[in-house]
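Everything on this sheet refers to the single structure shown next.
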Protein chains: 2
Amino acid sequence: MFKQGSKSDGTRNHILATALRLFRETGFDETTMRDVAAKAGVALGAAYYYFPSKESIVAEYYKYVQDQHLLRAREQFLLAKDLRSRLSAAIHTKLDVLQGDRRLMSALFRYGGDPEHRLSWFGPETREHRELSAQIFAEAIAEQKLPPDVKDVAPTLLWALHMGILLYFLYDKSSEQKRTRKLADGAIELILQARRFISFPVIRPIRKRAIGLLREAGLVP
Amino acid sequence: MFKQGSKSDGTRNHILATALRLFRETGFDETTMRDVAAKAGVALGAAYYYFPSKESIVAEYYKYVQDQHLLRAREQFLLAKDLRSRLSAAIHTKLDVLQGDRRLMSALFRYGGDPEHRLSWFGPETREHRELSAQIFAEAIAEQKLPPDVKDVAPTLLWALHMGILLYFLYDKSSEQKRTRKLADGAIELILQARRFISFPVIRPIRKRAIGLLREAGLVP
DNA sequence: GTCTATAAAGGGATAGAC
DNA sequence: GTCTATCCCTTTATAGAC
C-alpha cells in the first residue's frame with residue numbers, strides 16, 4: 001500500500017485512499033463503489049479495474065495492518081526486555097494500528113464466519129496472515145524458558161487471545177477504547193501469573209491434556 | 001415458527017420453510033428473494049409482506065434454534081444427573097440442532113462483528129438470546145457445589161466456550177462434524193478436571209484476579 | 001387483512017468499446 | 001488503462017384484486 005511508481009499505481013493508490021477514507025467516515029456498507037469512484041474522480045469501471053470487488057479493498061487494508069503491526073512491534077521489541085513489556089508491545093501496537101478503524105474492522109469481521117470465503121480468517125488462503133501474526137507473539141516470548149510443549153503452542157494461543165481482545169475492542173464504546181487497553185493489561189498480568197504455575201508438576205497432566213486436545217483438533221501446531 | 005393457525009400463518013410458514021431450504025441448499029448470498037418467492041409460489045411482494053428483509057428470515061431461524069436448544073437440553077437434563085452428562089447434553093443438543101445448517105450459520109456470523117446491527121450477537125438487542133443461552137448452561141451446573149464467584153460467572157464462560165466450539169463447528173469439514181463432537185467432549189473433560197482444582201487455596205488468588213478482570217471488563221455479571 | 005402485478009430507485013459487478 | 005453501457009439483485013412503493 002501507498003507505494004509509488006507507474007501511473008497505474010498512482011490511480012490505484014488514489015482510489016484505495018479515497019475508499020478507506022469513505023469507509024472510515026461513512027461506514028463500509030454505507031459507502032458505495034459509485035461514491036468511491038465519484039470522490040476519486042474516476043469512472044465506476046476504473047475502480048473495478050483495480051479492485052475486483054468492494055471487499056478486495058478491505059483486504060488491502062488487512063495487509064497494511066499486518067505490515068504496520070510487524071513493523072511497530074519489532075521496533076518496540078528492541079527496547080523491551082522483560083516478558084511484560086514484550087507482550088504489552090505486541091498487543092498494544094496492534095491496537096494502536098487499529099485505533100479509529102473499528103468500523104472498518106466490522107467489515108473485515110464478516111468474512112470470518114464463511115469457510116468458503118477467500119478472505120476468511122481461518123481459511124487456507126489467509127494462513128500466511130495468521131502465521132505472521134502468531135510470529136509476532138513468538139518473538140515476544142522468544143527469550144522465555146518454558147516447557148517445550150508450551151512454547152510450541154503459546155504463539156497460537158496468544159494470537160487467539162488477541163483475536164478475542166480485538167472483538168472486545170470492536171464493541172468498546174469507551175473513549176479511545178481505554179477499556180480494551182485495561183483488559184489487555186489485565187490479561188497480560190494473568191499470563192505472567194500463569195507462567196509461574198505452568199511448569200509445576202501438579203499442573204503437568206492437565207496441561208498435557210489441554211494441549212493434546214488442541215493438537216488433535218488442529219487448533220495448534 | 002411452524003405454528004399453525006390463520007391462513008396468513010400458513011403462507012408465512014411456507015415462505016419461511018422455502019427460504020430456509022434454499023439457504024441450506026444454495027447458500028444465503030446465492031439465494032435471492034425472487035428465488036424464494038418463486039419457489040414458494042408467491043409474488044415477490046408477498047414475501048416482503050411477511051419478511052421485511054432477507055436478513056429477517058435468518059433472524060427467525062435464530063429464534064427457532066434457541067427454542068429447540070432449550071427444549072432438547074431440558075429434556076435430556078431430566079435424565080442426566082452428573083456434571084459430565086449435563087454439560088454434554090447442553091452442548092451436544094445445540095450441535096444437534098445446528099447439524100446440517102452450517103451454511104446458514106455463516107450468514108448469522110456476519111452480524112456478530114457489527115455493534116450497530118440489530119442482530120449483532122453482543123449488542124443490546126440480542127441480550128435476551130444470550131441470557132437464555134447462558135441459562136441453559138446455568139441449569140447444567142445448577143446442582144454443583146462451587147465457590148460462589150465461580151458459580152456466578154460459569155454460565156457466561158460456558159456460553160463463551162460454546163460460541164468458540166460453534167466457530168470450530170462452522171469450519172469442521174469432517175463427516176458429520178465428528179471432530180467438533182470430539183473437541184466438545186475433550187473440553188468437557190478438561191472442565192471436569194479444572195473443577196477439582198478451582199477450589200484449591202493456591203489457585204484462589206489467580207482465580208479472583210481473573211474473575212475480577214472479566215467483571216471490570218463487563219464480560220461477566 | 002392478504003396478496004398480485006408491476007415499476008423504479010439504488011448499488012454491486014461485468015462486457016466490451018475506446 | 002479507463003470509460004460507457006448494461007445486467008442483475010435488493011428493496012421500496014403503489015395500485016388494485018380478493
Side-chain angles (χ1 to χ4, degrees), chain A residues 3-23 25-61 103-104 106-108 110-111 114 116-119, chain B residues 1 3-20 22-23 25-61 103-104 106-108 110-111 114 116-119:
Chain A
K3 54 172 175 278
Q4 297 297 325
S6 68
K7 168 153 178 241
S8 120
D9 272 351
T11 309
R12 186 188 149 88
N13 282 334
H14 181 55
I15 293 170
L16 179 57
T18 306
L20 292 181
R21 181 168 61 78
L22 290 176
F23 290 166
E25 286 171 5
T26 327
F28 180 72
D29 286 321
E30 289 74 16
T31 304
T32 69
M33 284 296 266
R34 281 168 175 78
D35 293 338
V36 172
K39 287 271 182 190
V42 297
L44 179 63
Y48 274 105
Y49 172 74
Y50 287 107
F51 298 97
S53 71
K54 202 171 134 184
E55 289 180 350
S56 72
I57 300 182
V58 182
E60 200 84 358
Y61 170 76
R103 279 184 103 159
L104 222 75
S106 290
L108 276 172
R110 48 152 68 83
Y111 307 140
D114 186 355
E116 310 305 327
H117 199 288
R118 197 176 53 86
L119 288 172
Chain B
M1 189 151 103
K3 53 172 176 275
Q4 297 297 325
S6 67
K7 171 160 178 232
S8 115
D9 274 350
T11 308
R12 188 188 149 86
N13 282 334
H14 180 55
I15 293 171
L16 181 57
T18 306
L20 292 180
L22 289 176
F23 290 167
E25 287 171 5
T26 327
F28 180 71
D29 287 322
E30 289 73 15
T31 304
T32 70
M33 283 296 264
R34 280 170 172 76
D35 292 339
V36 172
K39 285 275 182 188
V42 297
L44 179 62
Y48 275 105
Y49 173 75
Y50 286 108
F51 299 98
S53 72
K54 209 169 121 180
E55 288 182 351
S56 72
I57 300 181
V58 182
E60 199 85 357
Y61 171 75
R103 277 183 104 160
L104 223 75
S106 291
L108 276 172
R110 50 151 66 85
Y111 307 139
D114 185 356
E116 310 305 326
H117 199 288
R118 197 176 54 85
L119 288 172

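Just so it is clear: chains get the letters A, B, ... in the order the sequence lines come, proteins before strands, and each one is counted from 1.
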Rounding to a whole Å, what distance do you find between A/K54:NZ and C/dT14:P?
-> 15 Å
Take atom CZ of B/R12 and atom C1' of C/dG1, then tell me their distance rounded to the nearest Å.
-> 15 Å
Have a look at A/S56 and say if it touches a base, only the backbone sugar-phosphate, or nothing, with a 4.0 Å heavy-atom cut-off.
-> nothing
Between the protein and nucleotides 12-18 of chain D, list every N/O to N/O distance that falls short of 3.5 Å.
| residue | atom | partner | partner atom | Å |
| --- | --- | --- | --- | --- |
| D/dT12 | OP2 | B/P52 | O | 3.4 |

Residue A/R34, side-chain atoms from C-beta onward, closest of C/dT4, C/dG1, C/dA13 | C/dA13
Closest to side chain of B/V42, choosing from C/dT4, D/dC9, D/dT4 = C/dT4
Does A/S56 offer a backbone N or O that forms a donor-acceptor pair with the side chain of A/S53 under 3.5 Å?
-> yes
Between C/dA5, C/dA13, D/dT4, which nucleotide gets closest to the side-chain atoms of A/A43?
-> D/dT4
A/R103 (side chain) donor-acceptor with A/F28 (main chain) under 3.5 angstrom | no
The side chain of A/A46 lies closest to which of these nucleotides: D/dC3, D/dG1, D/dT11?
-> D/dC3
Would a 4.5 Å heavy-atom cut-off, applied to side chains only, mark B/V58 and B/K54 as touching?
-> no
Min side-chain heavy-atom separation B/T11-B/Y49 under 4.5 Å = no
Here the distance between atom P of C/dA5 and atom OH of B/Y49, to the nearest Å, is 17 Å
Side-chain heavy atoms of B/E55 within contact of B/R118, under 4.5 Å = no
Decide, yes or no, whether a salt bridge links A/R12 with A/E60 under the criterion of side-chain N to carboxylate O below 4.0 Å.
-> yes
